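Before any comments, here is the structure.
Atoms within each ligand, like the ligands themselves, are counted from 1 in listed order. None of these values were measured; they are calculated from a predicted model.
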Amino acid sequence: MKQYLDLCRRIIDEGEWVANERTGKRCLTVINADLTYDVGAGEFPLVTTRKSYWKSAIAEMMGYLRGYDNAADFRALGTKTWDANANENQAWLNNPYRKGEDDMGLCYGAIGRNFPKPDGGSVDQLRQIVDDLTKGQDNRGEIFTFYHPGALHMACLRPCMYSHHFSLLGDTLYLNSTQRSCDVPLGLNFNMVQVYFLLAIMAQITGKKPGKAYHKIVNAHIYEDQLELMRDVQLKREPFAAPSFRINPAITSLEDLETWVTLDDFELEGYQFHEPIAYPFSV
Ligand SMILES: Nc1nc(=O)c2c([nH]1)NC[C@@H]1CN(c3ccc(C(=O)N[C@@H](CCC(=O)O)C(=O)O)cc3)CN21
Ligand SMILES: O=c1ccn([C@H]2C[C@H](O)[C@@H](COP(=O)(O)O)O2)c(=O)[nH]1
């Protein structure tokens with residue numbers, strides 16, 4: 001939580017205004033931030049200075065792990081976060097590749113689980129990584145990437161957190177996640193939970209101990225219509241102690257995640273938070 005608040009303050013103190021053509025808004029922006037979550041020590045990185053809808057964040061990551069490409073599938077899992085990008089962005093509505101209501105196109109898990117090969121066919125990166133890690137193997141390239149420059153024109157949005165690289169040292173699993181663009185008031189509140197969750201669940205299904213997750217952000221920004229709420233409301237509040245996060249121990253395989261797991265399989269203990277803040281969302 002301290003890392004999050006420090007980044008928010010740094011953007012306000014040192015950020016530069018950058019005009020963003022896609023949303024038509026200006027963003028107060030800094031370049032490069034490195035956050036670390038000690039998953040082994042159970043340091044769950046949840047925002048406490050406003051109510052965080054953390055289950056929504058987990059549902060998003062579950063949808064990526066399942067390879068979903070449709071906002072309706074994300075809603076069925078328990079999050080509406082893809083509705084606007086799938087259905088309200090004019091450029092995407094006009095895109096000939098859009099397959100209709102709720103289609104998100106070739107992005108995130110839809111690419112990650114089905115990455116097209118130049119010589120034909122596709123690669124299921126996650127299946128290969130899970131198989132390797134389960135055998136105790138780390139080929140120094142256990143990378144789950146959603147970034148395919150040749151497919152960006154076929155998606156409603158380019159992936160923001162676009163690469164998750166797993167590493168083994170003995171029986172401890174590490175994760176380096178990279179994010180190219182970060183909406184700090186809304187997106188990062190979710191992305192921190194997602195990076196922690198991804199390492200915790202991958203360690204659990206591959207039978208490894210979780211170590212640390214390193215989260216690299218390149219462009220970290222606050223939209224102009226979010227600034228006042230961040231500076232004058234959220235940053236005036238005192239954070240509470242972090243809650244602890246629990247995953248149903250019955251989840252032991254990728255197939256479990258793909259089939260029966262729901263948001264009821266994840267719980268928080270001791271989550272204390274301040275009043276919700278409704279930040280404006282830019283489509
Ligand atoms: N501008 C922008 N920021 C993002 O963070 C973002 C995108 N676009 N597009 C793709 C996904 C969708 N994400 C989203 C979308 C909506 C919320 C949101 O409205 N959060 C509210 C309520 C969440 C709820 O009720 O479930 C929040 O207060 O956190 C958060 C992340 C993250 N990503
Ligand atoms: O997981 C996510 C997904 C999206 N975002 C934010 C970052 C940006 O504000 C927008 C994407 O806009 P681009 O013009 O494609 O950079 O969504 C996030 O923070 N986290």
Side-chain angles (χ1 to χ4, degrees), residues 4 7-8 11 15 18-31 33 35 46-65 68-71 74-92 102 104-105 107-110 112 146-147 149 151-153 155-164 177-198 215-227 229-230 233-234 263 271 273-283:
Y4 179 77
L7 175 58
C8 295
I11 296 175
V18 177
N20 179 251
E21 204 185 314
R22 195 181 64 76
T23 57
K25 293 182 189 171
R26 291 183 314 149
C27 292
L28 199 53
T29 306
V30 298
I31 300 301
L35 309 184
L46 192 64
V47 167
T48 60
T49 48
R50 74 177 178 100
K51 183 176 184 187
S52 175
Y53 301 90
W54 61 277
K55 281 208 173 186
S56 232
I58 298 211
E60 264 194 2
M61 183 51 81
M62 292 260 300
Y64 304 154
L65 298 179
Y68 285 173
D69 66 354
N70 192 285
F74 280 84
R75 281 199 299 281
L77 265 177
T79 183
K80 295 183 179 144
T81 47
W82 280 96
D83 289 7
N85 286 110
N87 298 315
E88 289 170 29
N89 180 282
Q90 202 52 50
W92 178 237
D102 286 325
M104 295 159 55
C107 57
Y108 285 90
F146 304 144
Y147 211 82
L152 298 176
H153 64 293
C156 68
L157 197 72
R158 294 167 297 168
C160 289
M161 244 184 354
Y162 65 87
S163 170
H164 302 285
S177 296
T178 310
Q179 179 162 4
R180 66 171 177 83
S181 172
C182 182
D183 173 345
V184 171
L186 278 177
L188 186 53
N189 161 49
F190 279 13
N191 296 136
M192 295 190 296
V193 169
Q194 290 168 341
V195 170
Y196 181 104
F197 167 70
L198 184 59
H215 183 180
K216 158 80 76 187
I217 298 166
V218 178
N219 182 307
H221 50 265
I222 299 177
Y223 286 93
E224 56 186 323
D225 51 7
Q226 300 170 324
L227 182 60
L229 281 172
M230 177 57 79
V233 182
Q234 191 168 359
L263 295 183
Y271 183 33
F273 50 84
H274 289 267
E275 288 286 288
I277 299 176
Y279 280 106
F281 177 77
S282 299
V283 184

The test is ring-ring contact (aromatic ring centres under 6.0 Å, His included); show your working for Trp82 and Tyr108 and say whether it passes. CA-CA 12 Å; Trp82 280 96; Tyr108 285 90; 5.3 Å; yes
Polar proximity ligand 1 side, Gly187 side, N/O cut 3.5 Å exclusive: yes
Flag Tyr53 as yes when one of its N or O atoms lies below 3.5 Å from any N or O atom of ligand 1, and as no otherwise. no
Just by distance, with hydrogens left out, do Gln194 and Tyr64 show a side-chain donor and acceptor under 3.5 Å apart?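 No, because no side-chain N or O of Gln194 sits under 3.5 Å from a partner of the opposite role on Tyr64.
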Looking only at non-hydrogen atoms, find the nearest pair between Asn89 and Arg22 and report the distance.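 Looking at all heavy atoms of both residues, the closest pair is ND2-NH1, 4.0 Å.
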Tell me, please: is [X] in heavy-atom contact with ligand 1, that is, under 4.0 Å?
{"X": "Tyr279", "value": "no"}
{"X": "Lys55", "value": "no"}
{"X": "Asn85", "value": "yes"}

So which residues, sorted by chain and number, lie with a heavy atom under 4.0 Å of ligand 2? Arg22, Tyr108, Leu157, Arg158, Cys160, Gln179, Arg180, Ser181, Cys182, Asp183, Gly187, Asn191, His221, Tyr223
[X] heavy atoms, cut-off 4.0 Å: which ligand 1 atoms fall inside?
{"X": "Ser282", "result": "1 (N), 2 (C), 8 (N)"}
{"X": "Leu157", "result": "9 (N), 10 (C)"}
{"X": "Ser56", "result": "26 (O)"}
{"X": "Asp183", "result": "1 (N), 2 (C), 3 (N), 4 (C), 5 (O)"}

Suppose we measure from atom 32 (C) of ligand 1 to each protein heavy atom; which comes out shortest, and what is that distance? Glu60 OE2, 3.9 Å
